[in-house]
Amino acid sequence: MEAASIKRLLEQKSKAELGFYPTPFYRLTNLSKKLGVNLFIKREDFSGQSLFGGNKIRKLEYLIGDAKEKGAEYVFTFGATQSNHAMQTVEACRKEGLTPILYLVAYVEPDEQDLRSNLLLDRILGAEVHVILKNPGETEAEMSARSVKLAREHMDKLAKEGHNCYEISMGGASSIGSVGFIDGFVELAEQAADTGVEFDYLVHATGSGGTMAGLVAGKKLLNHPIRIFSFDVIGHDSSYLDSSAKLGNESLVWLGAKACLTAEDFEHDNQYFLPGYEMPSEAGNDAIRLLAREEGLFLDPVYSGKAFAGMLDYIEKGKIPQGSNVIFLHTGGATALFAEKEILGNLLDK
Ligand SMILES: *Cc1c(COP(=O)(O)O)cnc(C)c1O
């Protein structure tokens with residue numbers, strides 16, 4: 001499909017104007033020289049709507065657009081206590097006059113007397129926050145399932161009182177949310193074309209999979225030659241690719257295009273997430289310091305730092321050959337730099 005036809009489909013959808021697009025796209029001169037690749041960065045962290053932007057805003061433009069079209073009053077969503085998605089959903093709700101309710105699971109237990117990072121912002125934004133603490137013997141998956149169950153009960157109660165509730169899945173990973181990154185890919189492809197450089201690789205962090213599904217769907221629709229390397233920060237197994245292909249196909253269909261994705265369309269790497277989600281890695285922290293000291297910009301320890309570390313390792317091993325033209329998609333998350341010590345680890349040791 002031509003970009004213009006995709007844009008026409010996108011324009012037919014209800015959308016809340018939350019971000020400031022296109023986000024900046026430019027070359028990282030110092031790092032390009034140091035690494036031996038031609039490295040550009042796409043600054044989704046500059047999406048708006050506040051200083052603490054990121055990749056969730058594009059998804060929320062379509063999700064909140066849909067919520068408003070459906071007459072929602074309350075918006076429920078999920079995540080970890082320091083979820084970027086949850087905080088950005090609250091911002092979006094405030095701007096659009098909806099009431100946000102969060103059900104957040106505590107991988108890292110928050111200190112009520114010393115709230116940090118996104119939880120602090122959620123509080124300033126006045127969100128109704130339900131923190132789900134881990135029960136003894138409960139797995140993280142069980143804790144997460146319990147948070148959804150409690151939220152659904154809450155939604156049922158509000159519905160019985162005559163209120164209209166809208167549920168947004170974790171990370172905004174849904175057919176509607178992922179359309180944001182079909183949109184995002186079209187925007188990036190145009191910016192890339194304007195530079196005259198033929199880009200070989202697009203690198204980004206993947207969590208819920210919504211961004212990856214949208215990017216890969218956008219690439220496929222445009223028949224764009226760039227390879228997309230998705231570095232997993234949670235450590236999903238290969239079943240993730242089937243579910244992501246399904247998600248991308250649902251987005252394509254919701255948009256009015258044809259489903260065309262299979263698991264083979266994804267290039268996903270789950271070797272760089274350890275020791276675990278929201279647990280800092282040595283290499284991720286090295287990457288944060290490198291970007292800060294070479295380019296004066298910030299990555300985050302949970303997502304972008306680990307993806308950047310994966311990319312650096314690919315460059316070192318020649319999986320991304322010297323001289324390649326590479327784009328790093330900065331997905332945001334810098335509030336994590338002000339999170340609990342458990343999330344930062346030894347960032348300040350070097
Ligand atoms: C949520 C998030 C991601 C991952 O995006 P998904 O669409 O959930 O896969 C990457 N980086 C940051 C900073 C995020 O907040």
Side-chain angles (χ1 to χ4, degrees), residues 9-21 47-50 52-81 83-105 118-119 121-132 144-184 207-211 213-214 247 250-256:
L9 291 178
L10 290 165
E11 278 159 14
Q12 285 164 18
K13 298 297 179 186
S14 311
K15 194 171 163 183
E17 301 283 337
L18 302 173
F20 302 94
Y21 299 110
S47 64
Q49 59 184 27
S50 72
F52 315 110
N55 64 332
K56 302 309 179 311
I57 298 293
R58 269 186 212 274
K59 303 184 193 183
L60 286 164
E61 289 202 323
Y62 290 95
L63 288 162
I64 297 295
D66 188 54
K68 287 182 74 177
E69 188 177 278
K70 293 189 168 132
E73 297 166 71
Y74 291 93
V75 170
F76 281 71
T77 199
F78 312 96
T81 44
S83 165
N84 298 312
H85 161 71
M87 187 278 287
Q88 288 172 8
T89 301
V90 177
E91 286 183 345
C93 285
R94 287 310 185 202
K95 177 158 183 291
E96 298 298 323
L98 303 169
T99 304
I101 302 183
L102 305 179
Y103 276 77
L104 305 179
V105 295
N118 289 321
L119 262 186
L121 300 177
D122 293 339
R123 184 61 62 85
I124 295 172
L125 290 159
E128 180 176 328
V129 181
H130 300 263
V131 174
I132 311 301
S144 196
R146 186 159 56 88
S147 77
V148 175
K149 184 170 167 282
L150 289 169
R152 298 243 169 98
E153 286 167 8
H154 191 166
M155 272 186 266
D156 284 346
K157 186 166 167 282
L158 285 171
K160 284 201 184 95
E161 293 165 7
H163 296 291
N164 188 341
C165 299
Y166 189 85
E167 178 179 327
I168 297 181
S169 51
M170 194 175 302
S174 70
S175 53
I176 298 174
S178 295
V179 162
F181 274 93
I182 296 179
D183 194 342
S208 70
T211 301
L247 179 60
E250 286 166 0
S251 290
L252 288 164
V253 170
W254 185 76
L255 184 61

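Scope of the values below: all heavy atoms of this structure, side chains included, with no hydrogens, waters or symmetry mates.
A donor-acceptor contact shorter than 3.5 Å is absent between the side chain of Glu61 and the backbone of Gly180. When atom types are taken as modelled, the side chain of Glu128 and the backbone of Ile101 share no donor-acceptor pair closer than 3.5 angstrom. With hydrogens and angles disregarded, a donor-acceptor distance shorter than 3.5 Å links the side chain of Arg94 to the backbone of Gly126. A distance-only check finds no donor-acceptor pair linking the side chain of Glu96 to the backbone of Ile64 [under 3.5 Å]. Using modelled atom types, one side-chain atom of Lys95 and one backbone atom of Glu17 make a donor-acceptor pair closer than 3.5 Å. Checked by atom type and distance alone, the side chain of Lys59 pairs as donor or acceptor with a backbone atom of Gly171 at under 3.5 Å.
Residue Leu98 comes nearest to Ala67 through the heavy atom pair CD1-CB, 4.3 Å, listed as atom of the first residue, atom of the second, then distance. Taking all atoms of both residues into account, the shortest heavy-atom contact from Ser147 to Ile132 is CB-CG1, 3.6 Å. Considering every non-hydrogen atom in both Cys165 and Phe76, the closest pair reads SG-CE1, 3.9 Å. Closest approach of Gly71 and Asn164 over heavy atoms only: O-ND2, 3.0 Å. Across Ala92 and Leu18, no two heavy atoms sit closer than the pair CB-CD1, 3.6 Å.
Between Leu125 and Glu91, the closest side-chain pair of non-hydrogen atoms falls below 4.5 Å. Residues Met170 and Ser144 are in side-chain contact: their nearest non-hydrogen atoms beyond the backbone lie under 4.5 Å apart. Leu102 has its side chain within reach of Thr77: a pair of non-hydrogen atoms, C-beta onward, lies under 4.5 Å apart. Within the 4.5 Å cutoff, the side chain of Thr89 has no heavy atoms near those of the Leu63 side chain. At a threshold of 4.5 Å between non-hydrogen side-chain atoms, the residues Val129 and Arg123 do not count as touching. At a threshold of 4.5 Å between non-hydrogen side-chain atoms, the residues Leu121 and Val90 do not count as touching. Phe52 has its side chain out of reach of Asn118: every pair of non-hydrogen atoms, C-beta onward, lies at least 4.5 Å apart.
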Stepwise side chain to side chain contact (heavy atoms under 4.5 Å, CB included) check, Leu252 with Ile182: CA-CA 9 Å; Leu252 288 164; Ile182 296 179; 4.0 Å; yes
Criterion side chain to side chain contact (heavy atoms under 4.5 Å, CB included) on Glu73 and Leu158, from CA distance to verdict: CA-CA 10 Å; Glu73 297 166 71; Leu158 285 171; over 6 Å; no
Worked check of side chain to side chain contact (heavy atoms under 4.5 Å, CB included) between Leu119 and Leu104: CA-CA 10 Å; Leu119 262 186; Leu104 305 179; 4.0 Å; yes
Evaluation steps, side chain to side chain contact (heavy atoms under 4.5 Å, CB included), between Lys13 and Trp254: CA-CA 10 Å; Lys13 298 297 179 186; Trp254 185 76; 3.5 Å; yes
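Listed by chain and residue number, Phe78, Arg152 satisfy the side-chain contact (heavy atoms from CB on, under 4.5 Å) test with Val148 (two or more places apart in sequence, or in another chain). For Asn55, the side-chain contact (heavy atoms from CB on, under 4.5 Å) partners at least two apart in sequence or on another chain are Phe181, Thr211, Thr331.
Distance check, rounded to the nearest 0.5 Å: OG of Ser14 to NZ of Lys68 gives 10.0 Å. If you take SG on Cys93 and CD1 on Ile168, they are separated by 6.0 Å, rounding to the nearest 0.5 Å. Note: Lys56 NZ to Ser47 OG = 10.0 Å, rounded to the nearest 0.5 Å. Atom NE2 of His163 and atom CE of Met155 lie 14.0 Å apart (nearest 0.5 Å).
Using a cut-off of 4.0 Å between Lys/Arg side-chain N and Asp/Glu carboxylate O, Lys157 and Glu153 are scored as not salt-bridged.
Among pairs with a residue in residues 169-181, none fulfils side-chain hydrogen bond (donor to acceptor under 3.5 Å, both in side chains), at least two apart in sequence or across chains.
Judged by distance alone, the side chains of Asp183 and Tyr21 never bring a donor and an acceptor atom under 3.5 Å apart.
Using the six-membered ring where Trp is involved, Tyr103 and His130 have ring planes that are parallel, under 30° apart on the 30 and 60° scheme.
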